[in-house]
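Here the structure comes first, spelled out in structure tokens, and everything after it is commentary.
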There are 2 protein chains.
Amino acid sequence: MDADRIPPHPDVRTITLQQVLDALVDPVRRSIVTQLRDAPADLRCGGFDLPVSTSTATHHFRVLREAGLIRQYYVGASRMNTLRSDEVDEVFPGLLDAVVAADRASSRGGAPV
Amino acid sequence: MDADRIPPHPDVRTITLQQVLDALVDPVRRSIVTQLRDAPADLRCGGFDLPVSTSTATHHFRVLREAGLIRQYYVGASRMNTLRSDEVDEVFPGLLDAVVAADRASSRGGAPV
DNA sequence: CCAGAACTACGATGGCTGTCAAACTTTGAT
DNA sequence: ATCAAAGTTTGACAGCCATCGTAGTTCTGG
């Protein structure tokens, strides 16, 4: 079954701030989160625009999953990704929103000379 | 003069999200921020309860200052610290609040079994 | 003027982690 | 059956950073 290939996801109650921040401090992972937030639907791993090799990308997806920020599931040979926005927001209200908004602010005109 | 001993502070416009997150990802530095938030007045460096040596603490204060999160000034031989909450909130609205609140939630009962 | 307090500056070190290439597994299409 | 596509896993490596001890600087109090 596909389920056997699905890696374990932490329960929302076991998510720690340290893990979440460790996950969000990396710009590549933050880019994954914002792309996921902007996307109209779930994205497969290969559907992201990332400046690293696929093996490195796999590593980043794992960190995000183990931090409880994304949920992954298989569709055929593709691994799909969803943001666990609501669950994260239950535990750390406003955190994800603030970081994503800040990331957009930094990406857009905000960046200094 | 005292002013000569005051290290440089970044303008609020040059603060980057990467620096802020790099600063907040360390638990010691996050503890400094929350202690500062809870304190009724500015605190001198030695007034914090930190699990590291003074030289390491100095390092953490410098990271926080260079990230634009705190402002430092001398009073006699003591270096005082203030949170630049309002300024940071202008650039990254809600971010500092969310992190501090999340930190408190993690510190209190939030910790899993 | 001197001793102590309060920090800072400077190496040095150890561990963590982001990165990649290569090999492997599973799925889907021909 | 075969082959390509999609990701993972493993192992190796380089760079960063939190930490400390020691030495140095500036202020305060006798």
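Throughout, a chain's letter reflects where its sequence line sits, starting with A, and its residues are numbered from 1.
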Using the C1' atoms of five pairs at each end, what's the angle between the two axes of the helix from C/dC1-D/dG30 to C/dT30-D/dA1, to 10 degrees? 20°

What integer distance in Å separates B/Leu21:CG from D/dC17:C1'? 17 Å

Could you report the tightest heavy-atom contact between B/Val99 and A/Leu17, atom names first, then the distance? O-CD2, 4.0 Å

Whether A/Gln18 side chain and B/Val25 backbone form a donor-acceptor pair below 3.5 Å: yes

Is any side-chain heavy atom of A/Cys45 closer than 4.5 Å to a side-chain heavy atom of A/Met80? no

So, does B/Asn81 use its side chain to make a donor-acceptor pair with the main chain of B/Gln72 at under 3.5 Å? no

Is it true that A/Val63 and A/Leu96 fall in one hydrophobic cluster, defined by side-chain heavy atoms closer than 4.5 Å? no

Would you kindly give the CG-to-C1' distance between A/Leu64 and D/dG7, to the nearest whole Å? 16 Å

On a heavy-atom basis, which atom in A/Ala23 and which in A/Arg29 lie closest, and how many Å separate them? O-NE, 2.8 Å

Worked check of side chain to side chain contact (heavy atoms under 4.5 Å, CB included) between A/Arg104 and A/Val100: CA-CA 6 Å; A/Arg104 293 203 183 107; A/Val100 170; 3.6 Å; yes

So do the side chains of B/Pro8 and B/Glu66 get within less than 4.5 Å of each other, counting heavy atoms only? no

Which letter, B, S or -, goes with each nucleotide of nucleotides 5-20 of chain C from 5' to 3', with contact meaning a protein heavy atom under 4.0 Å? -SSBB--------SBB

